Amino acid sequence: MKFTTYLLLVLVLIATMGCNTNSEFTIDNHFLSRILSVEGGSLHTLKLENKVSGRELIPQNEAEFQIRISEGTDKEGTDVILTSADFKMKEVLSQTSEKLIFLLKNEEHDMEVEVVYEIQPDEFYMNKSLNIRSGKEITLERIDVETIKLDDVYQPYQMKQITAWGPSKWRPGLGQPLYTKESATFWGTEFPASYNYVENETAFCGYLWGRELQSGQTYSSYRSVFGVGDDANFIQDTFFEYIDKIRVRPLRLQVQYNSWFDFGPRVDKEQFEKSVNKVSKELNTKRGVPPFKAFVIDDGWQDVKTDWSDKVWKVNAKFDADFATSIENVEKAGSSLGVWLSPGCNFGGRPAVPLMREKGLEALDQYMSLAGPKYMQLLEDRMMELTKQGVTYFKLDGLFGHLNRREFDFNGGDYGVPTMSQLDTEGFSPADERLNDPKYDELKTYYLVAGTERLMQIFKKQHDVNPNVYIVISNGAYLSPWWLQYIDAVWMINAGDAAGGSNRTEELVYRDGVYYDTWVKEKTQFPINSVFNHEPKKTKTGESKEQFSEYLWMNLSRGTGFVELYIKTENLSDADWGVLADGLKWVNKVFPYFKHARMHGGNPTEGEVYGYTGWNEKGGYASFHNPSETEVQTYSFTLNRAFGLNKSLDKLTVSSPLSNVPEFAGKIVSKDETVEITLKPGEVKVLEFEK
């Protein structure tokens with residue numbers, strides 16, 4: 001064979017190999033991998049691998065993303081849906097071990113999309129995002145960063161109630177993840193107001209946006225996530241581990257006092273100081289409870305009778321304008337100051353709304369718009385000022401409404417909220433009962449998206465000023481785990497701020513019934529360690545030490561790291577303070593277990609024994625409540641992974657912080673052992689397990 005002929009064959013072979021190699025791209029680490037193809041000029045995923053469980057996933061479609069565009073949400077016309085199949089591969093912009101970036105082009109619509117895949121060497125998840133550019137003005141209605149068809153994908157949370165009116169009927173279904181039944185993976189969009197859903201075995205991970213993209217402008221999407229676990233039966237645990245990794249601040253135990261049950265809106269700096277001193281003396285000084293993280297001034301400090309057009313949330317004459325005296329008082333108690341505030345001007349903020357409307361700020365009906373640029377800039381300025389002044393805790397109450405009523409901004413097209421003109425909505429008010437109709441869900445969601453994004457901007461800036469700030473979003477919020485990228489705890493939704501009932505059993509059943517509905521029936525994917533549940537409450541004395549202790553421990557055992565005391569300080573007896581002190585010492589002790597807290601057992605409202613449990617590599621705890629007020633009940637549980645047991649545990653010594661379980665004192669139990677516990681009517685028992 002001539003040398004030139006041989007060389008030509010070699011070059012052809014190399015070129016062929018190069019072509020095959022360049023048509024497939026892999027991004028991976030020792031947990032997971034994604035193999036992508038650009039063969040034929042179209043980008044799509046060939047295969048995913050969960051290296052932890054040893055499972056492969058083969059997508060049944062070739063759509064890598066989906067973008068819905070229009071001439072504008074407030075204009076007549078048909079939306080256009082573009083998938084990755086409508087774009088041709090133009091260039092590979094980056095190809096490293098941790099990042100792949102592909103540039104795609106759609107000639108017909110003059111659009112370019114950069115598809116970005118990112119992975120960290122030691123993480124069990126990877127991310128994906130889109131950078132979208134258009135050569136002409138368009139409206140991005142919805143961006144699905146991920147559209148992947150898998151035969152075992154499912155949507156655990158399926159509720160959707162974006163209602164304007166209705167008591168305890170607020171379940172927007174936003175920001176919930178998707179899982180796979182056999183391959184043990186989780187999917188979603190890292191944005192609280194995303195809507196991730198499954199349709200025809202296809203996972204759509206994206207969100208409504210509804211805003212204009214100008215010619216030549218680039219829009220960078222929120223990231224989607226694809227993560228893996230070892231067992232599909234415990235993929236929720238894996239997802240919560242991922243949430244714990246990406247949250248803005250570590251899960252912390254936040255124990256604090258709130259002035260509301262003490263004084264309501266009548267609170268002033270003298271009363272507040274008196275309660276701070278009393279609580280600090282009784283719990284911290286006399287009984288050795290660690291100093292509180294915050295003492296909180298609830299609704300009642302704001303001056304709603306003055307002009308807020310230059311500065312919102314001004315302080316009334318009952319407090320110093322900069323809270324100087326109150327900050328000094330809480331610092332003497334080894335603590336810091338927290339305040340209540342309503343971003344939407346709900347509750348005690350409502351009287352300020354009419355005057356703000358007159359001054360041209362973006363008012364709705366009773367509330368302010370969380371998408372209004374003038375009002376929200378003033379709100380940002382004020383929250384930043386308070387943060388810089390030394391306020392370390394913010395209870396943000398009444399975001400998009402409250403337990404019974406919500407309001408939506410549909411007339412803010414000038415500032416990024418689409419209008420409603422393509423539907424028959426003439427004469428609708430922001431809280432019109434007709435808006436309960438699901439046909440308006442997308443339009444309502446556009447406002448929730450805009451308001452959520454604006455709040456996120458404020459929360460980021462607060463974190464920059466004080467990385468240890470603690471932020472809770474309360475009434476009118478919604479339970480998305482991706483909120484924890486910006487704040488610390490979320491209202492549990494659809495529950496009153498005081499548990500109803502004529503005795504402690506009824507109070508527990510009320511609140512725990514909402515827990516059961518939210519996490520067991522509805523399958524809300526949100527860690528209960530970051531829930532705001534409006535308890536514990538102690539407003540009068542007289543109940544026995546045993547009654548108060550059982551209520552308190554059951555309450556604390558729910559596993560939230562946010563413990564806010566609602567007490568009437570002058571009504572508590574010495575014995576009451578003693579129980580409170582012991583309970584707070586216990587919660588400081590077992591808090592490390594809260595990271596993996598969960599509910600177990602039956603339905604509280606059906607009289608079935610239930611409780612909470614949490615574990616780590618050193619041990620755990622479990623609580624049990626018999627909600628029946630007439631029947632003794634025996635309950636059995638197995639110490640296994642389904643009960644939350646850490647895999648490193650084997651033999652465990654049992655104890656209890658309460659005196660009603662002598663039969664378990666010093667008992668040794670083993671992993672996988674089934675344990676029985678008997679409870680009298682209304683009784684609460686708590687067990688601790690130590691390695």
Side-chain angles (χ1 to χ4, degrees), residues 253-264 275 278-280 282-284 287 289-290 292-296 298 338 393 395 472 474 489 491-492 495-515 528-573 575-591 594 597 599 604 610-612 614 621 623-625 627 657-658 682-686:
L253 179 60
Q254 179 85 4
V255 178
Q256 58 188 46
Y257 159 87
N258 182 292
S259 69
W260 183 253
F261 276 50
D262 237 351
F263 311 112
S275 286
K278 178 72 171 178
V279 172
S280 178
E282 296 292 347
L283 295 177
N284 308 133
R287 293 175 173 86
V289 174
F292 282 19
K293 292 295 179 65
F295 285 85
V296 183
D298 208 285
Y393 165 80
K395 175 185 177 182
V472 169
S474 184
W491 174 58
M492 63 185 299
D497 61 0
S502 60
N503 57 40
R504 288 302 199 186
T505 294
E506 290 183 3
E507 288 180 2
L508 289 172
V509 167
Y510 169 79
R511 185 76 66 202
D512 293 322
V514 178
Y515 267 86
I528 63 174
N529 61 36
S530 299
V531 167
F532 167 36
N533 64 20
H534 306 272
E535 287 180 304
K537 176 184 71 172
K538 180 66 172 172
T539 59
K540 59 185 178 181
T541 192
E543 64 185 332
S544 69
K545 178 181 178 181
E546 290 74 23
Q547 284 177 315
F548 184 32
S549 295
E550 289 184 27
Y551 160 81
L552 181 63
W553 259 265
M554 191 66 200
N555 191 295
L556 297 174
S557 77
R558 290 170 181 148
T560 177
F562 179 65
V563 180
E564 185 168 63
L565 300 185
Y566 291 95
I567 59 177
K568 281 188 173 292
T569 51
E570 294 304 318
N571 290 355
L572 272 58
S573 68
D576 295 332
W577 288 113
V579 171
L580 265 180
D582 290 343
L584 295 178
K585 289 176 185 177
W586 181 77
V587 82
N588 273 274
K589 174 186 175 184
V590 301
F591 171 69
F594 286 4
M599 197 174 194
Y610 69 93
Y612 300 86
Y621 76 93
S623 64
F624 311 86
H625 180 217
L658 301 178
E683 189 173 31
V684 170
K685 291 185 176 181
V686 178

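Model, not experiment: these values are computed from the prediction.
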Quick one, [X] and [Y] - any side-chain contact, counting heavy atoms below 4.5 Å?
X      : Y      : answer
Ile567 : Val279 : yes
Tyr566 : Glu535 : no
Leu508 : Arg558 : yes
Ser259 : Val296 : no
Lys538 : Glu543 : yes
Leu556 : Val686 : no
Lys278 : Tyr257 : no
Met554 : Tyr610 : yes

Quiz: residues 582-590 side-chain donor-acceptor pairs under 3.5 angstrom, not counting sequence neighbours:
| residue | atom | partner | partner atom | Å |
| --- | --- | --- | --- | --- |
| Lys585 | NZ | Arg287 | O | 2.6 |
| Trp586 | NE1 | Glu688 | OE2 | 3.0 |
| Asn588 | ND2 | Leu584 | O | 2.8 |
| Lys589 | NZ | Glu688 | OE1 | 2.9 |

Can you list everything that forms a side chain to side chain contact (heavy atoms under 4.5 Å, CB included) with [X]? Sequence neighbours excluded, please.
X      : value
Ser280 : Asn284, Thr285, Ala333
Ala495 : Met492, Tyr510, Arg511, Val514
Ser544 : Glu546, Gln547
Asn503 : Thr505, Glu506, Glu629

Check whether [X] reaches the backbone of [Y] with its side chain - one donor and one acceptor, N or O, closer than 3.5 Å.
X      : Y      : value
Asn529 : Ala597 : no
Lys568 : Lys540 : no
Asp576 : Ser573 : yes

Just jot down the side chain to side chain donor-acceptor pair (under 3.5 Å) partners of [X], sequence neighbours excluded, or say none.
X      : value
Asn258 : Asp298, Glu564
Thr569 : Asp262, Ser275
Thr560 : none
Ser623 : Ser557

Taking only residues two or more places apart in sequence, or in another chain, which ones meet [X] in a ring-ring contact (aromatic ring centres under 6.0 Å, His included)?
X      : value
Phe548 : none
Phe532 : His534, Phe562
Tyr551 : none

Please give me the minimum heavy-atom distance between [X] and [Y], naming the atom from each residue.
X      : Y      : value
Ile528 : Met599 : CD1-N, 4.2 Å
Asp497 : Phe261 : O-CZ, 4.2 Å
Pro627 : Val509 : CB-CG2, 3.6 Å
Gly338 : Ala294 : N-CB, 4.4 Å
Val684 : Glu550 : N-OE1, 2.8 Å
Ala581 : Leu283 : N-CD2, 3.8 Å

Criterion ring-ring contact (aromatic ring centres under 6.0 Å, His included) on Phe594 and Tyr612, from CA distance to verdict | CA-CA 10 Å; Phe594 286 4; Tyr612 300 86; over 10 Å; no

With rounding to the nearest 0.5 Å, note down the distance linking OG1 in Thr541 to CG in Leu572.
->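 One finds 6.5 Å between OG1 of Thr541 and CG of Leu572.
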
Residues Tyr515 and Asn533: side-chain donor-acceptor under 3.5 angstrom | yes

